[in-house]
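Before any comments, here is the structure.
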Amino acid sequence: MIDGTIPVIGKGNRPIYGKDLLQERVRVAPAAFLLFTMVSISVSATKTTMKLALISILAGSAAAFAPAPTARTSVAQNAALDDLKSIAEKSNPVLKFYDPLELSSTTIWGNSNDDTIAFLRHSEIKHGRVAMAAFVGYIVQSNGIHWPFPIDFAGNPYPYDAGSPPEQWDALSDAAKWQIILFIGFLEWFSEAAGTHYMRGGVPGAYPKFSDHKVIPHPVPFNLFDPFGFSSGKSAEAKEKGLIKELNNGRLAMIGILGFISEQRVEGSVPLLKGLVSHYDGETMAPFG
């Protein structure tokens, strides 16, 4: 999408274009976010979780953009910046609101500032979740934990003995990789198409329920978010605290999975991990090698 063809209004109502946006304060385009999320989550979905999690931290670590604690209405979104500052202070009482790139005052793709803040919040929440899955999956795979049944009808086992997590991903067949990527692509499409969009009054970070929509032609017993309904009976205060914890855990996970990847690619780059993770000669940015 950043190809110099889509104008965006910058400071002083001056139109700026895709290439110039890289020098302004908007760092990513929606197509890039979709690709980054698909490939990052696809890796974690098979517990080969660290192939592209580097992109997750780069795209999702704008520290000021905390999740919305409660449902938003179009009226409440007019105070998006004040709400953003309040949640940022709760998530980090020491640093508080920190926005060196001034993203909170940006408008992107012709949307309002409130919509832009909602977009950036949603992006960080999503990439934090990807990173948490990647971090846990990396540890699980590194310890040889795997499903006990075969990975395909031919009876082949999961490639747990191929080496480190990225080497296990490399050992998967292309067909298996495409199944993962296409499934995650469907989840991404559903999150954007169903329910109230987070840039149009919806809640940043909220994933729509399968049971509320007729897009899927057959019953789905569980929803992607909170499949067992553990949070349904919690108070608004408890949910707000839980979202703050999720935000902070996601930020830490982005740092953690990047640390694993960095040490595997450049030995000694993360002194605390030296000798704990094996060197990887493959290409972490290429899902098909």
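As a basis for the values below, the full set of heavy atoms in this structure was taken, side chains included, without hydrogen atoms, waters or symmetry mates. FYI, the numbering just counts along the sequence from 1.
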Do [X] and [Y] make a side-chain contact, defined as non-hydrogen atoms from C-beta onward lying under 4.5 Å apart?
X: I244; Y: S91; result: yes
X: N111; Y: R200; result: yes
X: Q168; Y: L172; result: no
X: N92; Y: Y98; result: no
X: S164; Y: S142; result: no

Looking only at heavy atoms, which two atoms of [X] and [Y] are closest? And how far apart?
X: N113; Y: T106; result: ND2-O, 3.1 Å
X: P157; Y: I151; result: O-CG2, 3.7 Å
X: P204; Y: G202; result: CD-O, 3.5 Å
X: A131; Y: I257; result: CB-CG2, 4.3 Å
X: G201; Y: T196; result: C-CG2, 3.9 Å
X: L276; Y: L272; result: CD1-O, 3.6 Å

### Query
Given the rule that I, L, V, M, F, W and Y join up when any side-chain heavy atoms are under 4.5 Å apart, are L252 and M254 in one cluster?
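No, it is not one cluster - the side chains of L252 and M254 are not joined through contacts under 4.5 Å.
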### Message
Test of understanding: clusters of I, L, V, M, F, W, Y form through side-chain heavy atoms closer than 4.5 Å, transitively. Do L247 and M132 belong to the same one?
### Response
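Not linked; separate clusters.
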Hey, is the main chain of [Y] close enough, under 3.5 Å, to the side chain of [X] for a donor-acceptor pair?
X: N223; Y: K209; value: no
X: E263; Y: V270; value: yes
X: H127; Y: S123; value: yes
X: E167; Y: Y280; value: no
X: S269; Y: R265; value: no
X: K177; Y: P287; value: yes

Verify the distance criterion only: is there a donor paired with an acceptor across the side chains of [X] and [Y] at less than 3.5 Å?
X: D83; Y: S86; result: no
X: H279; Y: Q264; result: no
X: Y198; Y: E192; result: yes
X: D99; Y: S104; result: yes
X: D152; Y: Y158; result: no
X: D226; Y: S231; result: yes

### Task
State which residues pass ring pair (Phe, Tyr, Trp, His ring centres under 6.0 Å) with F228; sequence neighbours excluded, sorted by chain then number.
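Listed in chain order: F222, F230.
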### Query
Run the side-chain contact (heavy atoms from CB on, under 4.5 Å) check on E188 and K126 step by step: do they pass?
CA-CA 10 Å; E188 180 71 12; K126 179 188 294 184; 2.7 Å; yes
Between atom [atom1] of [X] and atom [atom2] of [Y], what is the distance when rounded to the nearest 0.5 Å?
X: I261; Y: M285; atom1: CD1; atom2: CE; result: 8.5 Å
X: D161; Y: H146; atom1: CG; atom2: NE2; result: 8.0 Å
X: D114; Y: M199; atom1: CG; atom2: CE; result: 10.5 Å
X: W178; Y: D174; atom1: CH2; atom2: CG; result: 9.0 Å
X: K245; Y: L243; atom1: NZ; atom2: CG; result: 11.0 Å
X: L182; Y: L187; atom1: CG; atom2: CG; result: 11.0 Å

### Task
Take the angle between the ring planes of Y207 and F210 and call it parallel below 30°, perpendicular above 60°, tilted in between.
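Answer is perpendicular, since the angle exceeds 60°.
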### Task
Return the orientation label for the W109 and F119 ring planes: parallel under 30°, perpendicular over 60°, tilted otherwise.
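Ring orientation, 0 to 90° scale: perpendicular.
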### Task
Apply the side chain to side chain donor-acceptor pair (under 3.5 Å) test between E246 and each candidate in R129, K241, R251; give the one that qualifies.
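Among the candidates, only R129 passes.
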### Query
How far apart are the C-alpha atoms of N143 and Y160, what are their side-chain angles, what is the distance that settles it, and do they pass the side-chain hydrogen bond (donor to acceptor under 3.5 Å, both in side chains) test?
CA-CA 9 Å; N143 286 276; Y160 64 93; over 6 Å; no
### Task
Please assess L224 against F190 for the test side-chain contact (heavy atoms from CB on, under 4.5 Å), listing each intermediate value before the final yes or no.
CA-CA 11 Å; L224 181 65; F190 185 81; over 6 Å; no
### Message
Tell me if the centroids of the rings in W169 and F288 come within less than 6.0 Å of each other.
### Response
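Centroid separation for W169 and F288: 6.0 Å or greater.
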